[in-house]
Amino acid sequence: MSKYDFVTLEAKWQKKWDDVDLYKTTEDSSKESMYCLDFFPYPSGAGLSVGHCRNYVPTDTYSRFFRMKGFNVLHPTGWDAFGLPAENYAIKMGVHPEETTRKNTENYKRQMRLIGTTYDWNREVNSSSPEYYKWTQWFFLLLFEKGLAYQDYGSQWWCDDCKTVLANEQVEDGKCWRCGHEARKKDLKQWFFKITEYADRLIDDLDDLDWPEPIKIMQRNWINRSHGAKAVFKAETGDDIEIFTTRPDTLFGATYMVLAPEHKLVPKLTTPGQKEEIETYIKESAKISEIDRLSTDKEKTGVFTGSYATNPVNGERIPIWIGDYVLASYGTGAIMCVPAHDTRDFAFAKKFDLPIVEVVSPDGNPHELSDAYTESGIMINSGEYDGKNSEEFKKIITDWLKANGKGDQDINYKMRDWLISRQRYWGAPIPIIHCEKCGTVPVPKKDLPVKLPHIENFEPAGDGKSPLARATEFVNVKCPKCGGDAKRETDTMDGFACSSWYFLRFASPHVHDKAFDSEKVKYWLPVDVYVGGAEHAVMHLIYARFWTKVIFDAGLIDFKEPFTKLLNQGMLLASDHQKMSKSKGNVVTPDSMVEKYGADALRGYILFMGPFEGEVIWDEKGCAGVHRFLGRLWEMVTGNEYDVGGLDEKTETELRRIQHKLILKVTSDLENFRFNTSVSAFMESYNNLFKYFENKEVTNSKVWREVIETYLILLAPICPYITEEMWESVGHTESIHKQMWPKGDSSLAKDDVVKIPVQVNGKLRDVLEIEAGLPEEKLKELALASESVQRHIADKQVLKVIIPKGKLVSIVVK
RNA sequence: GCCGAAGUGGCGGAAUUGGUAGACGCGGUGGAUUCAAAAUCCAUUGAGCUCAACACUCGUGAGGGUUCGAGUCCCUCCUUCGGUACCA
């Protein structure tokens, strides 16, 4: 018997599996398909840490499990290689991103194989390769044709550090999502995708998805659909000021208006006397950074324009102010103010001493308000509508607005269109040609891909123009329409465009004449199980859903949602309870763990650490513990003769019980992504089997072999190397990973002796060890006869005895 | 502020969803092996009752409640973490 030499055996099997291409996936209509996908990684220069393993090991285990259950499993991966992070890294290293990407992907791939993943490398894709981004551009043109891609001038988020614009989703806390530099607004002409057109469907279709509820909530909040009404307030200048409100029931309480400083009508509404003050305010608010301006605890500021408007419902003359707490980009950029029923308006009114009129009262009586009352209630001070319920009144007054041409019902969204232009080099060029005569002309599909030219000076200039603008041979083209001189669009696409369709590409990664093979997509998609970090809740996961719907609408696929089931693995923190990062020097690499304990131990520990969705803290000792367990298992499996003798019935029953309990437990745990408890089940099962290990008669028996073989098969998805080696050592030639998953028999798993706790007044007093299946009468008798129970009921009166499901005896005494 | 998740031994975490709290692992303690150490193996390990056994008491963030019975359900509060930020 040899020792558990994980180094040698892992290398041996790695090679063997590669040689036979064990994990090559092909379509097979006789088998049910299962598509299990990890968020494809951005190949960073730092390589994989054990934190990444927390994503890849569970999905790999799950995929292996499903293969053994007889499913045809697609479990591919690839590289999200385009985008700012890759480019910034290349700039930092002073190496072209093509080169850094090539190196980094090689390293990732090496590490992924090291930990025993079963990705089908025949299906590897790379979003920065022309074969791939040709189709990203093709989808851009599809969106363009459908009127969903457009150019617009406007104030955009800009990062001075990355020297490019950012989508709204990519501004976190007023800062650039990637580099953390403060974002600011800049006026630029940019490309957008009209994602707002899909806002309703993006919200409504969430209902049917098997996704974590928090992610769905985050998406709903991000899109933030508000039902309400628009209303027109007539200014005394004769201008119409349109507002949006979710509380039309409070219209009678609108005592002033506030417009965003950027609102178009501000100059016209400003009276000569107020002109200076207004202009100063506009200048000042432009200077304040967005973060400060959006901060909720900032005191309200504003200036009176000098003009008045008429409240459409009661004809009251109300003053028009401007204030920076009103955003130009939401709704109409103007609001009606109801200080009695809106906290922000209340604060503003208090500060500038504006009238506060209560119109919704909790009890129908007027009150002295010390705060805004924002709940529903009974209408007061609302003319003929007094006494109505405010919720019902919403509809009544909205209908009235409509009937009188002063408004209508309306819906607003917080989500904005997706800004996809990037003034950066490392992305898919936007396939558009600008011609002076013909305007914006899409590149004909036959001319795709628009290849990203190899240029040495790819750093952003910071002038708001893409580095591609400097590549004159790239920029200057003939117009596809008129043949005259024209210029290429030089912006590249946001990296999130590339990742909005990659899951489709895996079905047929090598087709050259289309983005995907419809038949194969039909077989594999949608993705059955999609696993990745929760940080993509509002970026990637909204964008990919949007593209899928556009592709569906174009009739190219037959599903509306790309990811049926979504799971978020919990974060893995370093032993210092902080995120692993190079700068903190707390990164643990899979390489070092594989070297010390083997890939199987690393995999086992990753799964054992804690619940899949929970946050866990790295502790190398735990990894060593799993390694020790595997060493013991090795001893137990490899030292036996097997098949020599028979076995008595009692021992066989006991061994079968261990075997079938394990099958049932592991099967249900793996199905439910409860890997941590399945690893404990293996350890527990080992401990139970080990009690027989000294008994040669047992370990030489056929039953022992069967129990051990079942154990190995069950463990194979978690620890593929050691199980394969032991499987071979007990005499098999076909890979363990090709074996069928065993079926558990609950009747064999059942205990013949059960433990029945006995409680007296809710306190545990005894545990009866008795034959299973005794009638309740007998249980009651035995429980009452118990010595320690007697001690507690002797001088008392037994009121009742409860025996729920024959599992426990509860005696109530007085 | 609002939305969401979670609080269980020295630590990571189990607990059939209302039924023996602490599975499994880590760490600790004692022992075996060893010249010694590492490794390995065996035993023990929630707290208290000044040693031990038996028994008993307490114990799942805090306080109430429902129940024969609560880590699990209900109410109030506290703490931590994630998301979000004047969206009218």
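What you are looking at is a predicted structure, and each value in this text was computed from that prediction instead of being measured. Here is the naming used below: chain letters follow the sequence lines, and residue numbers restart at 1 for every chain. Hydrogens, waters and symmetry mates are skipped; everything else that's a heavy atom, side chains included, is used.
Taking 90° from 0 as the syn/anti boundary, the base of U17(B) is oriented syn. For G9(B), the base is syn relative to its sugar; the glycosidic angle is within 90° of 0.
Nucleotide U84(B): paired with G1(B) (Watson-Crick or G-U wobble, both distances less than 3.5 Å).
In this structure, of G27(B), C24(B), A85(B), it is G27(B) that holds the atom nearest to the side chain of K621(A). Listed nucleotides C24(B), A85(B), A88(B) differ in distance to K414(A); the shortest reach to its side chain belongs to A85(B). Of all nucleotides listed (A23(B), C86(B), C68(B)), A23(B) comes nearest to the side chain of E684(A).
Following rounding to the nearest Å, I802(A) (CD1) and G18(B) (C1') show an atom-to-atom distance of 12 Å. Rounded to an integer number of Å, the gap from D371(A) CG to G1(B) P is 14 Å. Taking atom NE2 of residue H627(A) and atom P of nucleotide C26(B), one finds them 12 Å apart after rounding to whole Å. Straight-line distance from the CG atom of D669(A) to the P atom of C24(B): 15 Å, rounded to whole Å. Look at CG on D751(A): it is 15 Å from C1' on U20(B), rounded to the nearest Å.
Here S226(A) lies in heavy-atom contact (under 4.0 Å) with sugar-phosphate atoms only. Residue-level contact check: G625(A) touches the backbone only, with heavy atoms under 4.0 Å from sugar-phosphate atoms and none from bases.
Between Y605(A) and Y597(A), the distance separating the two ring centers is not shorter than 6.0 angstrom.
A cation-pi contact, defined as under 6.0 Å to the ring centre and within 45° of the axis, links K414(A) to W222(A). A cation-pi arrangement is not found for K300(A) relative to F348(A), the charged atom failing to lie both closer than 6.0 Å to the ring centre and inside a 45° cone about the ring normal. In this structure, K696(A) satisfies the cation-pi test against F693(A), with its NZ or CZ atom closer than 6.0 Å to the six-membered ring centre and inside 45 degrees of the ring normal.
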Base versus backbone protein contacts along nucleotides 54-60 of chain B [heavy-atom cut-off under 4.0 Å; B, S, -]: -SSSS--

Under 4.0 Å protein heavy-atom contact, by nucleotide of nucleotides 2-17 of chain B - B base, S sugar-phosphate only: -SS-------BSS-B-

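Here, C26(B) and A5(B) have their P atoms 34 Å apart, quoted to the whole Å. Going from the C1' atom of U17(B) to that of A32(B) covers 44 Å, rounded to whole Å. U29(B) and G10(B) have their C1' atoms separated by 13 Å, with the value rounded to a whole Å. Distance noted for atom P between A52(B) and A15(B): 33 Å (whole Å). As rounded to the nearest Å, G82(B) and C86(B) have C1' atoms that lie 22 Å from one another.
Across all their heavy atoms, I241(A) and A235(A) have their closest contact at CD1-CB, 4.0 Å.
In this model, the phosphate group of C68(B) is approached by a side-chain N or O of K800(A) to a distance below 4.0 Å at OP1 or OP2. In terms of phosphate contacts, T343(A) brings no side-chain nitrogen or oxygen within less than 4.0 Å of OP1 or OP2 of G1(B). Between R628(A) and G25(B) there is no side-chain N or O to OP1 or OP2 distance below 4.0 Å. Contact annotation: N687(A) reaches the phosphate of G25(B) (side-chain N/O to OP1 or OP2, under 4.0 Å).
Once rounded to the nearest 0.5 Å, the distance linking CH2 of W321(A) with OH of Y256(A) reads 9.0 Å. Here CD1 of I223(A) is found 11.0 Å from OG1 of T196(A). Values are rounded to the nearest 0.5 Å.
With respect to D249(A) and R247(A), a salt bridge is recorded, a charged nitrogen being found less than 4.0 Å from a carboxylate O.
With hydrogens and angles ignored, the 3.5 Å screen pairs a side-chain donor or acceptor of Q790(A) with a backbone N or O of L784(A).
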Write down the protein N/O and nucleotide N/O pairs, taken from nucleotides 43-49 of chain B, whose separation is under 3.5 Å; answer none if there are no such pairs.
none

